[in-house]
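Here is the structure we will look at.
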Amino acid sequence: MPFWRARLAEKVFITCAVTGSSPVPDHPDFPISCERVAQEALDAAEAGASIIHLHVRHANGQPSQELEHYRKAVGLIREKNNEVILNVTTGPGCTWMQSEEDPAVCGPGTLMFTAERRLEHILDLKPEMCTLDICTMNLWGGVAINLDPMITRMGHMIQDAGVLPEIECFEAGDFVFADDLMAKGALPGNAPYSFVLGTKYGLPATPEAMMYSKNQIPRGARWTGFGVSRHSYPMAAQAVLLGGNVRVGFEDTIYLRHGRKANNNAELVRWGAELIEHLGADVASPGETRALLGLPT
């Protein structure tokens, strides 16, 4: 669709990804403990985020997939806020690293889980949403492997749990894969999409890639487009201009702009909200976001 025909959405929702699973960046107040992650989530919601994308970490900063860590972080958030939408990751457990001695054998850093292990916390906590990475590509220094049998099983399990999956698209082939998964019922027809722009071997963080991605998904589907690192706010603006939604947060960048670190996730959210308003749209409330996504109110 030509740029001049794109229309702003009347309401734009903000997702805040508060900590992620990448190595801890050089930031004096990066959230690691469950308590800090929960507080950052609550503050981000207060600043205007309708959706919290949630990862958890061990005390040493390493990413965690421990059920108790998820239970604690989610419990602390829900003690004070039942309105914000929780969108919990299912990404860990798909990373394969090649052995230097034998290329047919996995090497150090490999983390491959069964569908049941990847979804343990989702089936236990039943958040409103969870992400579903569907890419198989060079990523994180190894290969992210998300093949059809695994993703089909996960997609059905997520739906059976009453959770809405968000389809994470890292490269062009993911859109074709998503169509096939949706056609056989492994993904629901109302699943929203997230375009991840700016990973080294994935979709580039450019207006052309954002528009291409938008044009690959079903007409009327909800979507969020975001860029990693220095591309965060330029791609947020591009998403708004093309009728999509915004994601910000420490998972993607610790900077507001070049050379200026954000103090916290809430500050990133406030900048995102101001960007949306300056471009002529309104920030959606959690209730409005639930209605847009077809979630229970």
Side-chain angles (χ1 to χ4, degrees), residues 15-25 27 29-46 49-97 106 108-133 140 142 144-146 150-151 153-166 168 247 249-252 254 264-266 286 295-296:
T15 297
C16 183
V18 297
T19 189
S21 60
S22 298
V24 175
H27 190 282
D29 202 24
F30 190 81
I32 292 174
S33 70
C34 293
E35 292 84 358
R36 286 283 295 111
V37 168
Q39 190 58 55
E40 286 283 301
L42 291 166
D43 293 344
E46 184 69 23
S50 290
I51 302 175
I52 300 298
H53 177 49
L54 193 65
H55 289 253
V56 290
R57 293 177 181 263
H58 292 285
N60 63 1
Q62 292 298 309
S64 170
Q65 191 65 7
E66 296 300 320
L67 177 57
E68 288 307 313
H69 289 163
Y70 282 107
R71 283 176 173 169
K72 186 170 187 178
V74 168
L76 289 169
I77 294 168
R78 286 302 185 217
E79 281 178 10
K80 297 183 177 180
N81 189 327
N82 283 313
E83 295 300 318
V84 70
I85 299 163
L86 295 184
N87 180 355
V88 183
T89 185
T90 67
C94 68
T95 303
W96 190 87
M97 310 294 284
C106 63
T110 296
L111 192 69
M112 297 294 294
F113 292 155
T114 63
E116 289 78 7
R117 180 71 180 92
R118 287 180 68 175
L119 294 177
E120 179 184 32
H121 56 302
I122 303 299
L123 303 182
D124 181 86
L125 295 167
K126 294 184 172 61
E128 293 93 336
M129 298 176 66
C130 68
T131 55
L132 184 61
D133 297 354
W140 307 309
I145 300 179
N146 292 290
M150 171 70 77
I151 300 304
R153 180 164 175 75
M154 290 179 68
H156 284 299
M157 291 172 69
I158 291 166
Q159 292 180 81
D160 289 345
V163 177
L164 179 66
E166 180 184 61
E168 304 295 291
R247 170 172 144 169
F250 276 171
E251 176 172 353
D252 305 324
I254 58 173
N264 46 51
N265 278 283
L295 294 169

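Positions are given from 1, in the same order as the sequence printed here. Below, each value reflects all heavy atoms present in this structure, side chains not excepted, and no hydrogens, waters or symmetry copies.
Distance check, rounded to the nearest 0.5 Å: CD of Q62 to CD1 of I32 gives 9.5 Å. Atom CG of L119 and atom CG of D124 lie 12.0 Å apart (nearest 0.5 Å). C106 contributes atom SG, which lies 9.0 Å from atom CE of M112 (distance to the nearest 0.5 angstrom). To the nearest 0.5 angstrom, C34 atom SG is 10.5 Å from E66 atom CD. I151 contributes atom CD1, which lies 7.5 Å from atom CG of D133 (distance to the nearest 0.5 angstrom). Atom CD of Q65 is separated from atom CG of L67 by 9.0 Å, given to the nearest 0.5 angstrom.
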side-chain contact (heavy atoms from CB on, under 4.5 Å) between I77 and L86, worked out: CA-CA 9 Å; I77 294 168; L86 295 184; 4.1 Å; yes

Worked verdict on L132 versus E168 for side-chain contact (heavy atoms from CB on, under 4.5 Å): CA-CA 6 Å; L132 184 61; E168 304 295 291; 5.8 Å; no

Residue pair N82, R78: steps toward the side-chain contact (heavy atoms from CB on, under 4.5 Å) verdict: CA-CA 5 Å; N82 283 313; R78 286 302 185 217; 3.5 Å; yes

Pair F250-S22, side-chain contact (heavy atoms from CB on, under 4.5 Å): steps then yes or no: CA-CA 10 Å; F250 276 171; S22 298; over 6 Å; no

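Without hydrogens or angle criteria, N265 side chain to V18 main chain gives a donor-acceptor distance under 3.5 Å. Side-chain atoms of T90 come within 3.5 Å of backbone atoms of T131 as a donor-acceptor pair (strictly under, hydrogens ignored). In this structure, the side chain of H27 engages the main chain of D29 through a donor-acceptor pair within 3.5 Å. Looking only at distances, a side-chain donor or acceptor of T110 sits under 3.5 Å from a matching main-chain atom of M97. Between the side chain of R153 and the main chain of E116, no donor-acceptor pair closer than 3.5 Å is present.
Between H121 and H69, the ring centre distance reaches or exceeds 6.0 Å.
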Cut-off 3.5 Å, no hydrogens considered: what does the side-chain donor-acceptor table look like for residues 154-164, sequence neighbours left out?
from	atom 1	to	atom 2	distance (Å)
Q159	NE2	G155	O	3.3
Q159	NE2	G185	O	3.0
Q159	NE2	A186	O	3.1

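Nearest heavy-atom pair, C16 versus A49, reported as atom, atom and distance to 0.1 Å: CB-CB, 4.0 Å. Counting all heavy atoms, side chain and backbone alike, C130 lies closest to I122 at CB-CD1, 3.6 Å. Smallest separation of non-hydrogen atoms from Y70 and L54: CE2-O, 4.2 Å. Across every non-hydrogen atom of F113 and P92, the tightest pair is CD1-O, 3.7 Å. The two residues I51 and V84 have their closest heavy-atom pair at N-CG2, 4.2 Å.
Heavy atoms of other residues, nucleotides or ligands lying less than 6.0 angstrom from NZ of K80 number 12 at most.
Of the charged side-chain nitrogens involved, none lies within less than 4.0 Å of a carboxylate oxygen, so that R57 and E40 do not count as a salt-bridged pair. Ion pairing of E35 with K72 is present here, as a side-chain N (NZ or NE/NH1/NH2) and a carboxylate O approach within less than 4.0 Å.
Between N146 and R118, the side chains place a donor N or O and an acceptor N or O closer than 3.5 Å (distance only, hydrogens not considered). E166 and N87 form a side-chain donor-acceptor contact under 3.5 Å, judged by distance and modelled atom types alone.
You'll find the side chain of I85 reaches within 4.5 Å of the side chain of M129, heavy atoms only.
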